[in-house]
Protein chains: 2
Amino acid sequence: MKSAQAPSAEPLSKARLRVWLKLLKSVNGIETEIRRNLREEHGTTLPRFDVMSALARFPDGLKMSDLSSYLKVSNGNVTGIVDKLTEEGLALRVAVPGDRRAQVARLTAKGRAAFEDLAQHHEDWINTLLEGLSAGNVDALSAHLDSILDRQMEED
Amino acid sequence: MKSAQAPSAEPLSKARLRVWLKLLKSVNGIETEIRRNLREEHGTTLPRFDVMSALARFPDGLKMSDLSSYLKVSNGNVTGIVDKLTEEGLALRVAVPGDRRAQVARLTAKGRAAFEDLAQHHEDWINTLLEGLSAGNVDALSAHLDSILDRQMEED
DNA sequence: TCTAAATATTTTAAGCTTGAAATTTTAGGG
DNA sequence: CCCTAAAATTTCAAGCTTAAAATATTTAGA
């Protein structure tokens, strides 16, 4: 007895490769535009925005190591970015009582205000860039991404 | 008379922002794994793979400027990468007859062989990373990405 | 022919990113 | 108490990336 599925002209691995390239192109296009907006309209960068965004979610601050694992970047990376934000008065480091190795990074009031402004514009940019997606499209796309993300959870 | 659409607890812009973050997470997760495989198993990097991949598609070679616009990166960027590939005997620059400003970058035989090996592994890695997507999922996801990409075409 | 603008590429400075090494501090076993 | 391992962070070297400046060449117009 034959297989239930029709023979495909293209193996599934090729179709997956093709959709991967399309995924990459979509994300890179949006990311390039966001970086351009951040630079030209706000004189900042995406890594800085990402760090500020993480710190905004944790008003009590985040240990440097928690910040880097949250953002999935190296420890050394966040060191430099927090250094710069601190020089500009947007963030600060606070000693952790009871552990002199650790420090917690926090946004200053100025940093919070700057982030609120950036975040609103960021949402607007994304809303425009994803104009082609209806509410239904968003849900369907989200479900497909979940099946990719599920696999990533497993491997750690 | 009331609007046909039910009031949503969450505005569409928030839903789009959420799916954008998920898109980013999916792509970054896959990309990190590909970079790790390229580094640990083949001693190379994604930018080098991308350049080799572009050159492999154009056996007669690509002008440096065509290469950078094809890859959507800066001119200066490909200069450095082609320099390194050339030092290693994987690529070479050929003068363009009739225009002494321009040069065409090409893969050497060694470069083509190296790329074939990388490309096969790359397809395998993607096939595994996207294991969660059936053929039908791939097509549906692809359609959604098209509606994002369509918009990117417009703005140039 | 001369020359200004356009084109192709490389160079440069600044910032991002990583993995690995170095530093400081803490924790635990003897 | 001592000493080794683990943990938190920073420093470092190397590579990627960009925008802008510099260089070289070609094109087109006066």
Side-chain angles (χ1 to χ4, degrees), chain A residues 24 28-29 31-52 54 61-88 91-106, chain B residues 24 28-29 31-52 54 61-88 91-106:
Chain A
L24 204 49
N28 285 342
E31 203 170 284
T32 297
E33 183 69 9
I34 297 296
R35 286 181 197 272
R36 196 183 60 74
N37 286 336
L38 285 171
R39 175 168 38 81
E40 295 182 358
E41 296 177 19
H42 298 272
T44 190
T45 65
L46 190 51
R48 288 165 56 105
F49 176 76
D50 288 342
V51 166
M52 292 177 78
L62 272 176
K63 279 200 310 183
M64 294 300 284
S65 49
D66 290 339
L67 180 54
S68 60
S69 66
Y70 181 77
L71 293 174
K72 305 263 187 62
V73 298
S74 65
N75 280 343
N77 190 351
V78 294
T79 294
I81 296 171
V82 171
D83 280 352
K84 294 252 178 69
L85 293 175
T86 298
E87 286 168 17
E88 296 169 30
L92 48 81
R93 285 180 169 90
V94 180
V96 171
D99 188 344
R100 278 184 295 182
R101 293 168 303 178
Q103 299 193 83
V104 156
R106 299 188 49 154
Chain B
L24 205 48
N28 285 342
E31 202 171 283
T32 296
E33 183 68 9
I34 298 297
R35 286 180 197 272
R36 198 183 59 73
N37 286 338
L38 284 172
R39 176 168 39 80
E40 296 183 356
E41 296 178 18
H42 300 271
T44 191
T45 66
L46 190 51
R48 289 165 55 103
F49 176 75
D50 288 342
V51 166
M52 292 177 78
L62 272 176
K63 279 201 312 182
M64 294 300 285
S65 50
D66 291 338
L67 180 54
S68 62
S69 65
Y70 180 77
L71 293 174
K72 305 264 187 61
V73 298
S74 65
N75 280 342
N77 190 349
V78 293
T79 293
I81 296 171
V82 171
D83 280 353
K84 293 254 178 67
L85 293 176
T86 297
E87 286 167 17
E88 296 171 29
L92 48 81
R93 285 179 169 92
V94 180
V96 172
D99 189 344
R100 277 183 297 182
R101 294 169 302 182
Q103 301 193 84
V104 157
R106 300 186 48 153

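Computed from a predicted structure; not experimentally measured. Just so we're on the same page: letters track the sequence lines, and every chain starts at 1.
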Can you figure out which of [options] approaches the side chain of [X] most closely?
X       : options                : result
B:Pro47 : D:dT17, D:dT11, C:dT10 : D:dT17
A:Asp99 : C:dT9, D:dC16, C:dT26  : C:dT26
A:Ser65 : D:dT10, C:dA8, D:dT9   : D:dT9

Can you measure [X] atom [atom1] to [N] atom [atom2] for me and round it to whole angstrom units?
X       : N      : atom1 : atom2 : value
A:Met64 : C:dT25 : CE    : P     : 17 Å
B:Asn75 : D:dA24 : CG    : C1'   : 15 Å
A:Leu38 : C:dC16 : CG    : P     : 12 Å
A:Leu67 : D:dA7  : CG    : P     : 20 Å

Within the structure, does a side-chain N or O atom of [X] lie under 4.0 Å from either OP1 or OP2 of [N]?
X       : N      : answer
B:Lys63 : C:dT9  : no
A:Lys84 : C:dC16 : yes
A:Arg39 : D:dA20 : no
A:Asn77 : C:dT18 : yes
A:Thr79 : D:dT11 : no

Do NZ/NE/NH1/NH2 and the carboxylate oxygens of [X] and [Y] come within less than 4.0 Å?
X       : Y       : value
A:Arg48 : A:Glu88 : yes
A:Asp83 : A:Arg93 : yes
B:Lys84 : B:Glu87 : no

What nucleic acid atoms does [X] come within less than 4.0 Å of, heavy atoms only: base, sugar-phosphate, or nothing?
X       : answer
B:Ile81 : sugar-phosphate
A:Arg35 : nothing
B:Arg36 : nothing
B:Ser74 : base
A:Val96 : nothing

Taking every heavy atom of A:Leu62 against every heavy atom of A:Ala54, the minimum-distance pair comes out as CD1-O, 4.2 Å
Under 3.5 Å donor-acceptor pair, A:Arg101 side-chain atoms to D:dA7 base atoms | yes
Does the C:dT25 base have a donor-acceptor partner in the side chain of A:Arg100 within less than 3.5 Å?
-> no
Tell me, do A:Ser69 and A:Met64 make a side-chain contact under 4.5 Å, heavy atoms counted?
->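 A side-chain contact under 4.5 Å is absent here.
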